[in-house]
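Okay, so here's the structure we're looking at.
Every chain is numbered from 1, with letters handed out A, B, ... down the list of sequences.
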Amino acid sequence: MEYNFQEIENRWQGYWRRENLYEVKNKSDKPKYYVLDMFPYPSGAGLHVGHPLGYIASDIFSRYKRLQGFNVLHPMGFDAYGLPAEQYAIQTGQHPEVTTMKNIARYCEQLNKIGFCYDWMRQIRTCDPEYYHWTQWAFAKMFEHYYDNDAEKALPISELIAHFEKHGTEGINAAQSEELHFTAEEWNAMDEKRQQEVLMNYRIAYLSDTKVNWCPALGTVLANDEVSEGLSVRGGHPVEQRVMRQWSLRVSAYAKRLLEGLDRIDWTDSLKETQRNWIGRSEGAEMTFVVKDTNLPIKIFTTRCDTIYGVTFMVLAPESEYVAHVVTPEQQQAVDDYLDQVKRRTERERISDRRMTGVFSGSYAICPITNREVPIYISDYVLAGYGTGAIMAVPAHDSRDYAFARAFNLDIIPLIEGADISEQSFDAKEGKMMNSGILNGLEVKDAIRTMKEYIEANNLGKVKVNYRLRDAIFSRQRYWGEPFPIYYKDGMPYLIPYNRMPLCLPEVDKFLPTETGEPPLGNAKVWAWDERRQLIVENEQIDNKYIFPLELNTMPGFAGSSAYYLRYMDPRNDNELVSREANEYWQQVDLYIGGTEHATGHLIYSRFWNKFLFDLGLICKDEPFAKLINQGMIQGRSNFVYRYIGEGATGNLFISYNLIDNPEYKDKVQPVHVDVNIVKNDILDIDAFRRWMPEFANAEFVYSDGTRDIDNPYIGTPSEKQYICGSAVEKMSKSMFNVVNPDDVVERYGADTLRLYEMFLGPLEQSKPWDTNGIDGVHRFLRRFWAMFESISDEQPTADELRSLHKTIKKVSYDIEHFSFNTSVPAFMICQNELSQLKCNKRAILEPLVILIAPFAPHIAEELYHQLGHETSVCDAQWPQYDEKLIEQNNVKYPISFNGKTRFFVELDKSLGKDEIEKIIMSDAQTAKFLNGAAPKKVIVVPGKIVNIVI
RNA sequence: GCGGCAUUGGCGAAAUUGGUAGACGCGCUAGACUUAGGAUCUAGUGAAGAGAUUCGUGUAGGUUCGAGUCCUAUAUGCCGCACCA
């Protein structure tokens, strides 16, 4: 019987749907296992063959775990808020929700064709009010909490208020935007607005003034990469730096825990390293320099306190609040000019243009150790956002300070013996100190330690740890995102009551900012007026006044994706994000599969969000993803035809790839992308090419054998003539004509072939091009596998057959556990090959094989499993166990060495003793050949290891 | 600049604890079947050599009876961070 994959796959996909085979319950006697894919943003382009790579891997693992007797949670949903749908809405007026729903439907259809075992009952969409209810709720909780550095956890802001009322800031060690000090009396004397302002300094979700790129013409904030030389990339409108009031999340408060948590999770080293890098812990000292002739202290942070004897100047960031205090009247004009110049540059330009710029403030500071007077400069190479925004400059041992000192002709004092600083600074932390008072003669590492101790002992500063991790800006001037559950009173934000959440996204006439420059939500008539009144009137806690504006920004993309894995545990719960029972059952994601592109975005925010909810006692694990696998990207493999552009070219002639280096064509051809779907194994489908685009309708070819159409005109293309295409690996994209749609592959080869082939392509974690050339081999295997089941016998299997089966069980089990699915496919092929040579059609062998292949190729497995007489699904079968005894004979391979060089191997019984081994080896024919009649001087035998014969 | 990962046939790649490198697939070669083949099947396929054999895992060393695997240096490629004091 034919292997009719289309019929088989349709039939069983229908069966799985009807039987709800993949529905998962929250209660089970079985142990749980939670496998999650990073949910996709449903783009208009649909899925290409690269997207399912990770999904197939997670599906294989889920099915394997289920066969092993686990209750497996394997959900799928959609990250539905996002820019593309909104941009499309601006252009066409089509509501983003309509576009998004259409795209989701398409995604579901494509995913279902591949035969994934998702529990669609648990599907979530971030744009669903029922879902974003909990996004808003979590934000509200962050608004109501602060981070206590001593307790190392988030605590209710009410506790902070209670403390302020009794003790002011005394004894508070909290994460904060700026350092505040006040007494209880002062706190109690503040009016409500002032108190709210103070609390904002501590809240985990807080509102603050942040510098952004604002484009008045476009009426929106632009990201740095959307701005070039002060103009918007789109339209070329001027862009200005503007400070805007934006929501932020105090992610930086969690820096330490985010860093330490990495040691307890099973992620790849490279990804952990990326996160460590991003969090950027650095240990150093904070010291105070006093401005000469004043009492003004300037705090600096340094990791190289050992170099303090080499400080020859100080630098302040242009945005530093110290600047205003240190500028002298004579320098005022120069400083103002410089600040103005800096203001016009975006962060990006500042980074790309590394010329040293700066200005002298006119003031001097006193070094606390050397008492030397050093000039204070202002320069944008010092960043306001890191450390204290002020540095002590040691030009001899810091390359940036060195460049600045050279540009401004400042002193450079070498501190390390033998370091050559005539051309560049010596930044390495090695060598012996000199010119350094108490540190002279010490190694750098010891000097750092000594100086830290000295600083602390003499109260000159304190040892401090700094993190590079910044707070996350949480406001977007966009329509298609979660509204904030926030209204404003007296200019200060307040939460709308929890029982009014979710605050739903209102309808608007247009998706652009309002004329007054408010975000698109400002266009909402119903939401902005009626709802608002209703909200206020119904809530007795708020004065019965009318106009309380709602927050018009929306949340960024990462808001909805930060806790979605928790929601899958209990997706239809109207009362909580996740119930305690559900959370305690599923705990955390056991296996998370997704791309590395989220290393410093989603994967940091999720961990932060999770830790916050953990602090509140709402969930039981402080890390969301126990194990993470990063699947590689599938790149496109583009194909080219080569248009002849030499003498007499008509633009209509194409040269076969194998000929383009011939002298007559060399440098006279131009590669042209050709749709990979009309190329097979690099051979162009001539007719399809002529039909592909009007400009190619009359295309002529020089074929691989050097002949031309003209030699044989108007009779179509003889089949022996081939046009060979060139190829290149590029990003998979429409413009390269290299996008391969999984639907087409499923249509042509079936979902099982697609699944097997995607795994066979190479290691899961590696990036690789999609190359269709090998897919036939995998498909052939499935057909041969199918053919083995033509007639089934109930005979007892032979030892060889059992050996082949058990070897495969062992190999495939090992592979799945280690995520090397790519080597399982060959294991199946070898087994199939061995068994068909043995002409094996025995149930006892084939039945376990069907179960073994079920995670990889579920449709064919389901069909064959039923053909073998089972009534239930193969999903509910039991994963076969292997018997080591059936695989290995009791033998060990001994390497036989002559004078230390291994010549051959001999299989011997494990239990043989030293003397017996020696006896067998010495009477062996191969040994005799290598000895060539000579008597060995010595024979060394290590049982179970080696035999070395010294001649 | 800092950090991480990689480098094996014509190609994608295997080699789980240091033990006969190149499994498996593609491609290629030859043959069978066929009106035909972009179908199917069989055999061969790292390099050199008629052969025994020799040489082969980016390069150079080292450890070891034995190294793709461990160590040192180095080159190349990819990824992340980057004026972070």
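- Between the CG atom of A/Leu849 and the CD1 atom of A/Ile809 there is a distance of 7.5 Å, given to the nearest 0.5 Å.
- If you take atom P in B/G19 and the same atom in B/C70, they sit 11 Å apart, rounded to whole Å.
- The nearest whole Å value for the distance from the CD atom in A/Gln832 to the C1' atom in B/G25 is 13 Å.
- When the salt bridge (Lys or Arg N to Asp or Glu O under 4.0 Å) test is applied to A/Asp263, the partners found at least two apart in sequence or on another chain are A/Arg276.
- Atom P of B/U53 sits at a distance of 27 Å from the matching atom of B/A60, rounded to the whole Å.
- As rounded to the nearest Å, B/G62 and B/A15 have P atoms that lie 29 Å from one another.
- In summary, the side chains of A/Tyr386 and A/Ser282 do present a donor paired with an acceptor at a separation below 3.5 Å, with no hydrogens or angles considered.
- We find the CE-CZ distance between A/Met392 and A/Arg304 to be 9.0 Å, quoted to the nearest 0.5 Å.
- Sorted by first then second residue, the salt bridge (Lys or Arg N to Asp or Glu O under 4.0 Å) pairs that include residues 775-787 of chain A, not counting sequence neighbours, are A/Lys680-A/Asp776.
- The two atoms that bring A/Ile308 and A/Cys367 nearest to each other are CG1-SG, 3.8 Å, heavy atoms only.
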Checklist line | Under the 3.5 Å Watson-Crick or G-U criterion, the dot-bracket string of RNA chain B, with | for inter-strand pairs | finding: (((((((..(((......[....)))((((((.......))))))(((....)))..(((((..]....))))))))))))....

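- A distance of about 13 Å separates the C1' atoms of B/C2 and B/C83, rounded to the whole Å.
- In this structure, CE on A/Met287 lies 5.5 Å from SG on A/Cys305, to the nearest 0.5 angstrom.
- Pairs passing the salt bridge (Lys or Arg N to Asp or Glu O under 4.0 Å) check and including a residue from residues 814-837 of chain A, sequence neighbours excluded, read A/Lys807-A/Glu834, A/Lys811-A/Asp815.
- Here A/Asp675 contributes atom CG and A/Asp685 contributes atom CG; the two are 11.0 Å apart, rounded to the nearest 0.5 Å.
- Across A/Asn466 and A/Gly387, no two heavy atoms sit closer than the pair ND2-CA, 3.5 Å.
- Across every non-hydrogen atom of A/Ser656 and A/Tyr723, the tightest pair is N-CE1, 3.2 Å.
- Between the NE2 atom of A/His779 and the P atom of B/G38 there is a distance of 18 Å, given to the nearest Å.
- Comparing the P positions of B/U42 and B/C26 gives a spacing of 12 Å, expressed to the nearest Å.
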Could you list all N or O pairs between the protein and nucleotides 14-21 of chain B that sit under 3.5 Å apart?
residue : atom : partner  : partner atom : Å
B/A14   : OP1  : A/Asn822 : ND2          : 2.9
B/U16   : O4'  : A/Tyr814 : OH           : 3.4
B/U16   : O2   : A/Tyr814 : OH           : 3.2
B/U16   : O4   : A/Lys811 : NZ           : 3.4
B/G19   : N2   : A/Thr902 : OG1          : 3.2

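- Candidate nucleotides B/A85, B/A82, B/A23 were compared by shortest atom distance to the side chain of A/Ile830, and B/A23 ranks first.
- A/Asp398 has its side chain out of reach of A/Thr307: every pair of non-hydrogen atoms, C-beta onward, lies at least 4.5 Å apart.
- Remark: C1' of B/A13 and CG of A/Asp771 are 12 Å apart, rounded to the nearest angstrom.
- In terms of the side chain to side chain donor-acceptor pair (under 3.5 Å) criterion, residue partners of A/Arg406 (sequence neighbours excluded) are, by chain and number, A/Tyr402.
- What separates OH of A/Tyr377 from C1' of B/C83 is a distance of 18 Å, to the nearest Å.
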Could you pull out the protein-nucleic contacts involving nucleotides 27-32 of chain B (nitrogen or oxygen on both sides, under 3.5 Å)?
residue : atom : partner  : partner atom : Å
B/G27   : OP1  : A/Asn681 : ND2          : 3.4

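- Between A/Ser282 and B/A85, a side-chain N or O to OP1/OP2 separation shorter than 4.0 Å is present.
- Rounded to the nearest Å, the gap between the P atom of B/U7 and that of B/A39 is 33 Å.
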Polar pairs (N or O, both sides) under 3.5 Å between protein and nucleotides 68-70 of chain B?
none

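- Nucleotides B/G3 and B/G66 have their C1' atoms positioned 35 Å apart, rounded to a whole Å.
- Using a 4.0 Å cutoff on non-hydrogen atoms, the parts of residues 752-760 of chain A near RNA chain B are A/Phe760, ordered by number.
- Rounded to the nearest 0.5 Å, atoms CG (A/Leu271) and CD (A/Glu765) are 10.0 Å apart.
- At whole-Å resolution of the value, CG in A/Asp685 and P in B/G38 are 13 Å apart.
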Between the protein and nucleotides 1-9 of chain B, list the N/O to N/O atom pairs that are separated by less than 3.5 angstrom.
residue : atom : partner  : partner atom : Å
B/G3    : O2'  : A/Glu273 : OE2          : 3.2

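- In this structure B/G10 sits in the anti conformation; its chi angle is more than 90° from 0.
- As judged by a 4.0 angstrom heavy-atom cut-off over every strand, A/Arg637 is placed among residues making no nucleic acid contact.
- Nearest to the side chain of A/Pro826, among B/A82, B/C83, B/A23, sits B/A23.
- Residues passing the side chain to side chain donor-acceptor pair (under 3.5 Å) test with A/Arg637 are A/Asp682, A/Ser727, sequence neighbours excluded.
- A sub-4.0 Å separation between OP1 or OP2 of B/G80 and a side-chain N or O of A/Arg276 is absent.
- Contact check, A/Arg784 against B/U40: no side-chain N or O comes under 4.0 Å of OP1 or OP2.
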Next item on the list: Before giving the answer on side chain to side chain contact (heavy atoms under 4.5 Å, CB included), spell out for A/Ile376 and A/Ile298 the whole-Å C-alpha distance, their side-chain angles and the decisive distance to 0.1 Å.
Entry: CA-CA 10 Å; A/Ile376 303 172; A/Ile298 298 182; 4.1 Å; yes

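- Rounded to whole Å, atom C1' of B/G66 lies 13 Å from atom CD1 of A/Ile940.
- Note: A/Phe785 and A/Phe781 have tilted aromatic rings, judged against thresholds of 30 and 60 degrees for the angle between ring planes.
- Mapped onto RNA chain B by nearest heavy atom, A/Gly389 and A/Asn948 fall at different nucleotides, with A/Asn948 at the one closer to the 5' end.
- With the nearest nucleotide of RNA chain B identified for both A/Pro769 and A/Gln837, A/Pro769 has the one nearer the 5' end.
- Rounded to whole Å, the separation between the C1' atoms of B/G58 and B/G77 comes to 11 Å.
- Residue-level contact check: A/Ile391 touches the bases, meaning some heavy atom is under 4.0 Å from a base atom.
- Considering only the side chain of A/Arg748, B/G38 comes nearest among B/A82, B/G38, B/A39.
- A/Ser252 and A/Tyr467 are not linked by any side-chain donor-acceptor pair at a separation below 3.5 angstrom, with hydrogens and angles left out of the test.
- In this structure A/Ser320 satisfies the side-chain contact (heavy atoms from CB on, under 4.5 Å) test together with A/Leu316, A/Ala317, A/Tyr322, A/Val323, sequence neighbours excluded.
- For the pair A/Ser379 (side chain) and A/Tyr381 (backbone), a donor-acceptor distance under 3.5 Å is present.
- Using cut-offs of 30° and 60° on the angle between ring planes, the pair A/Tyr757 and A/Phe760 is tilted.
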